[in-house]
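First the proteins, then the strands, lettered A, B, ... as listed; each starts at 1. Being a predicted model, the structure only gives us computed values, none of them experimental.
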2 protein chains.
Amino acid sequence: MNDAPAEPVTGRQRSARKAEAILKGARQEFLQRGYAAASMDRIAATAGVSKPTIYSHYGDKASLFRALTSRMVERRVADVFGPASPAALEPDQARKQLAQLAERIVVLNERHPEMLNFLRMVIGESGRFPDLAQGFVAEVQERVLARLTQILAAITDQPELKARIFIGTLMHTILFEDVLHGGGLGPSCKQPLGALLVELLSAAPKHP
Amino acid sequence: MNDAPAEPVTGRQRSARKAEAILKGARQEFLQRGYAAASMDRIAATAGVSKPTIYSHYGDKASLFRALTSRMVERRVADVFGPASPAALEPDQARKQLAQLAERIVVLNERHPEMLNFLRMVIGESGRFPDLAQGFVAEVQERVLARLTQILAAITDQPELKARIFIGTLMHTILFEDVLHGGGLGPSCKQPLGALLVELLSAAPKHP
DNA sequence: GTCTATACATCGATAGAC
DNA sequence: GTCTATCGATGTATAGAC
């Protein structure tokens, strides 16, 4: 507003940069160790600030965890599931998008271990931070289920229920194979799962 | 072997009973707070023993956690999914068992909050205790996927892949609605999901 | 706003008596 | 085997100088 632009770096800018550095350090620490085992000392050291600076910005450990997680919920879900789809779809395009979406979800989760640790953290702390878990669920419902339902509506009936089957099967596979180190399935076995899903769910309506 | 049966309670029996009490206290503490936030002091107090007794029986905190979790993996999975099914099945029986199994899995998980906390714990600690997570996955694969595959083989093709879709959809629903407090679906919305699953997956083979 | 230094509690694990 | 008492380390959070 009325700040003088003479100084190359204002106090506000310094403070904002430190707040970002703190969030970055907190992300690393919380994702690696979980909420309880995370240490405010290590976060301060990683961020290159002192402990009181963290407390002056975020209040306490739980508030810092909330600030970090609620931000990650939006970003990570958007990264994995991409932007919203266009309004109307031809059946062929819908089938294609469905297959692409399946592969994108599986591949992105495999390649980014940060996403796996994020899932571990949100689920593991869902008993003590139910509001954060609810925020994650709401974001996935909005971004993913809505889009899947829209795509499926172009080719079959009961698109909502079938969207749940689609995303449920993919998430379960990621959870068991990647998060829980199942290791029973290779990429050669995950791909036909997506293909079979598209085939099964795009079947013609039973009551036309 | 050569113990005298005159004494009503031998030292061995006392020790075994304490080991059980410790496991019971550890279960309560670990399930409620997670591994890192769990306190050996509180476990000792809940179990009615002193801390050195715990350490003489289980070595350290991680070993106690392993002993508890590996035992719970077997028991909880067996409780929810029941005994193995008979060898051969008629298609009608198979469809019936499939529907019963779906309802059993959903209802048991809803009614026993201990199972929900167990899922939170195993997933949340799967980064730091990968072997325990693998044990859980292996138990589910053996007990559930094998049985589902057997049932589905009586009525359709690709029973293995379809078994993954079946269990994946159910587990994902439990995860989002119950573990993560989604709350978007009532029982009236979970039941048709199971019915739709049976209908979709029991479709006739495409390549007979 | 940001630092150094510290208060105060609790942690996991153990020594030594019995 | 089991106890009481305690060790050293680490935890969150804060007081006071600048």
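Contacts between residues 49-60 of chain A and DNA chain D, counted as heavy-atom distances below 4.0 Å, involve Lys51(A), Pro52(A), Tyr55(A), Asp60(A). Residues from residues 33-41 of chain B placing a heavy atom under 4.0 Å of any atom in DNA chain D do not occur.
Axis orientation changes by 10° from one end of the helix from dG1(C)-dC18(D) to dC18(C)-dG1(D) to the other, with each end axis drawn from 5 pairs and the value rounded to 10°.
No donor-acceptor contact under 3.5 angstrom links the side chains of Thr53(B) and Lys18(B), judged on distance only. Inspection of the Thr173(B) and Lys190(B) side chains reveals no N or O donor paired with an N or O acceptor under 3.5 Å.
Considering only heavy atoms from C-beta on, Ile165(B) comes within 4.5 Å of Leu197(A) through its side chain. In this structure, Thr156(A) and Leu201(A) have side chains that are not in contact, with every pair of non-hydrogen atoms separated by 4.5 Å or more.
Rounding to the nearest 0.5 Å gives a distance of 5.5 Å between CG of Leu98(A) and CD1 of Ile155(A). A distance of 13.0 Å separates NZ in Lys51(B) from CD1 in Ile22(B), rounded to the nearest 0.5 Å.
None of Arg27(A), Gln28(A), Lys24(A) except one satisfies the side chain to side chain contact (heavy atoms under 4.5 Å, CB included) rule with Thr46(A); the exception is Gln28(A).
Taking the side chain to side chain donor-acceptor pair (under 3.5 Å) definition, one finds that Gln100(B) meets it with nothing, sequence neighbours left out.
For Arg104(A), the CZ atom is densely surrounded, since the number of other residues' heavy atoms within 6.0 Å is greater than 12.
By the 4.0 Å N-to-carboxylate-O rule, Arg17(B) lies too far from Glu20(B) to be salt-bridged with it. Here Glu139(B) does not pair with Arg76(B) in a salt bridge; the nearest charged N to carboxylate O distance is not below 4.0 Å.
Think of the region where chain B sits on DNA chain D: with heavy atoms and a 4.0 Å cut, that region ends 5' and 3' at dT2(D) to dT4(D).
The stretch residues 21-52 of chain A participates, sequence neighbours left out, in these ring pair (Phe, Tyr, Trp, His ring centres under 6.0 Å) pairs: Phe30(A)-Tyr35(A), Phe30(A)-Phe65(A), Tyr35(A)-Phe65(A), Tyr35(A)-Phe129(A).
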